[in-house]
Amino acid sequence: MTVFLWRILCIVAAALFLFGIVTLIVVRFLKNKYAHSFTEDKFLRTVKTTNSTNSVYLTSGETYKYIKKYVVCVSGTERFLICNFARKYKQIGFFVVQYTASKRVLSVIRATETNTTLSSRVIALSGRCAYVNVVISYVNSAQINSQIIRPLPRYKIRLYAFFKSLAVFTGIFLLRHIALETFGGIYLKAYLNSYWNYAIVGASFFVALLGYVLTVLCFRRKNAKEANGGALEYEFL
């Protein structure tokens, strides 16, 4: 092929690379969907101590049968959550849904405990967390809510893998061509029509294709973030 044609292909690759990157950023194929909508829990009171400000809330819905209240403790830039169980349990699991100030889901913490007291362990919250919902998962052998993060549809995973692979292939194509334009000099045409140039293009396509296959086969939806701290007793009065 002529140098002019290679340059046309380079421009096309640059456009496709930008298109792929922008699509991945804007569409956010891997964004989680949630089966739980924000519920404004009943606020009970605020208790101030020397080191923290503690806000106590009642839980909502079916969670109230098992977890009566929770307290959000704010100490400096750190935030913590402690739950008040209705009774002691051999096993209990629950989700802590964190929301931003605009009530958008920030993350989900999956908490599990065994042989509990009437209070849970400390659960570390994000510094950006403004609201919390506690959703019961299971109690002893009774499963109540198996998951509140909905699995990603297959088509979203495949679209994500496609655009990522497109960006990888076109990005390698661009870097290869820019390197040849920069250092090829009078031998640019010979380099562009060499076996090694075609081999690099073919190898970059193979890498992108392999990346697509591995992404589709091995992809797992994002895990809920879990951050459980040590033990702390809190008196719910």
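All heavy atoms count here, side chains included; hydrogens, waters and symmetry mates do not.
- Transitive grouping of hydrophobic side chains (ILVMFWY, heavy atoms separated by less than 4.5 Å) brings Leu24 and Val27 into a common cluster.
- Summarising the geometry of Asn133 relative to Ser37, their closest heavy-atom pair is OD1-O, 3.9 Å, with the distance given to 0.1 Å.
- Pairing each heavy atom of Leu106 with each of Cys129, the nearest pair is CD2-N, 3.8 Å.
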**Residues Gln91, Thr114; criterion side chain to side chain donor-acceptor pair (under 3.5 Å); working and verdict** = CA-CA 4 Å; Gln91 290 184 326; Thr114 57; over 6 Å; no

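- A heavy-atom distance below 4.5 Å is found between the side chains of Asn193 and Trp6.
- Side-chain N or O atoms of Ser126 include one that pairs as donor or acceptor with a backbone N or O of Arg128 at under 3.5 Å.
- Among residues at least two apart or in separate chains, ring-ring contact (aromatic ring centres under 6.0 Å, His included) pairs with a member in residues 98-134 are Phe38-Tyr99, Phe38-Tyr131.
- Looking only at atom types and distance, the side chain of Ser102 has a donor-acceptor partner in the side chain of Thr100 under 3.5 Å away.
- Using a 4.5 Å heavy-atom threshold, the side chains of Leu44 and Tyr57 count as separate.
- Taking every heavy atom of both residues into account, Ile178 and Thr182 meet most closely at O-OG1, 2.7 Å.
- Listed for the Arg121 side chain is no donor-acceptor partner under 3.5 Å among the backbone atoms of Ile82.
- Judged by distance alone, with hydrogens and angles left aside, the side-chain atoms of Thr63 form a donor-acceptor pair with the main-chain N or O of Ile136 at under 3.5 Å.
- Leu188 and Phe183 are not part of a single hydrophobic cluster, where members link through side-chain heavy atoms under 4.5 Å apart.
- Rounding to the nearest 0.5 Å places CG of Asn140 at 10.0 Å from OH of Tyr66.
- Linking ILVMFWY residues whenever their side-chain heavy atoms come closer than 4.5 Å, directly or via other members, leaves Val168 and Leu18 in distinct clusters.
- Residues Leu58 and Val56 share a single hydrophobic cluster, defined by chaining ILVMFWY side chains whose heavy atoms lie under 4.5 Å apart.
- Within 6.0 Å of CZ in Phe19 there are 12 or fewer heavy atoms belonging to other residues, nucleotides or ligands.
- In terms of heavy-atom proximity, Ser75 sits nearest to Asn51 at OG-O, 2.8 Å.
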**Prompt:** Given the rule in the side chain to side chain contact (heavy atoms under 4.5 Å, CB included) test, do Val134 and Phe95 qualify, once you have shown the distances and angles that lead to the verdict?
**Reply:** CA-CA 6 Å; Val134 178; Phe95 302 101; over 6 Å; no

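- Thr46 and Ser55 get closest at one heavy-atom pair: OG1-OG, 3.8 Å.
- Judged by the 6.0 Å distance and 45° axis criteria, Arg176 is positioned over the aromatic ring of Phe173.
- Using cut-offs of 30° and 60° for the angle between ring planes, the Phe169 and Phe205 rings count as perpendicular.
- Among all heavy-atom pairs drawn from Ser120 and Phe94, the shortest one is CB-CZ, 4.4 Å.
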**Prompt:** How far apart are the C-alpha atoms of Leu125 and Val96, what are their side-chain angles, what is the distance that settles it, and do they pass the side chain to side chain contact (heavy atoms under 4.5 Å, CB included) test?
**Reply:** CA-CA 9 Å; Leu125 300 175; Val96 179; 4.1 Å; yes

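- Every residue meeting the side chain to side chain donor-acceptor pair (under 3.5 Å) condition with Asn145, not counting sequence neighbours, appears here in chain and number order: Glu62.
- Relative to the six-membered ring of Tyr64, Lys68 meets both conditions, a distance below 6.0 Å and an angle of at most 45° to the axis.
- Put simply, OG1 on Thr170 and NE2 on His177 are 14.0 Å apart, with the number rounded to the nearest 0.5 Å.
- Interatomic distance, Leu180 CG to Cys10 SG, rounded to the nearest 0.5 Å: 10.0 Å.
- The closest side-chain heavy-atom distance from Phe80 to Ile123 is not below 4.5 Å.
- Leu5 has its side chain out of reach of Val3: every pair of non-hydrogen atoms, C-beta onward, lies at least 4.5 Å apart.
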**Request:** Could you walk me through whether Leu81 and Val122 pass the side chain to side chain contact (heavy atoms under 4.5 Å, CB included) test, one step at a time?
**Result:** CA-CA 6 Å; Leu81 176 81; Val122 173; over 6 Å; no

**Request:** Give the intermediate values and the outcome of side chain to side chain donor-acceptor pair (under 3.5 Å) for residues Lys164 and Thr215.
**Result:** CA-CA 9 Å; Lys164 187 178 74 171; Thr215 300; 3.0 Å; yes

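- Taking a 6.0 Å sphere around CZ of Phe43, one finds it holds more than 12 heavy atoms contributed by other residues, nucleotides or ligands.
- Note that OH of Tyr212 and OG of Ser165 are 8.0 Å apart. Values are rounded to the nearest 0.5 Å.
- The hydrophobic clustering, which links ILVMFWY residues whose side-chain heavy atoms are closer than 4.5 Å, places Phe163 and Val216 together.
- Note that CZ of Arg79 and CD of Gln98 are 10.0 Å apart. Values are rounded to the nearest 0.5 Å.
- In this structure, the side chains of Leu118 and Lys88 come closer than 4.5 Å at one or more pairs of heavy atoms.
- Remark: the backbone N or O of Asn54 is not paired with any side-chain donor or acceptor of Ser52 at under 3.5 angstrom.
- Looking at Thr59 and Tyr70, their side chains come closer than 4.5 Å, going by heavy atoms from C-beta outward.
- How far CD1 of Ile144 is from OG of Ser137: 7.5 Å, rounded to the nearest 0.5 Å.
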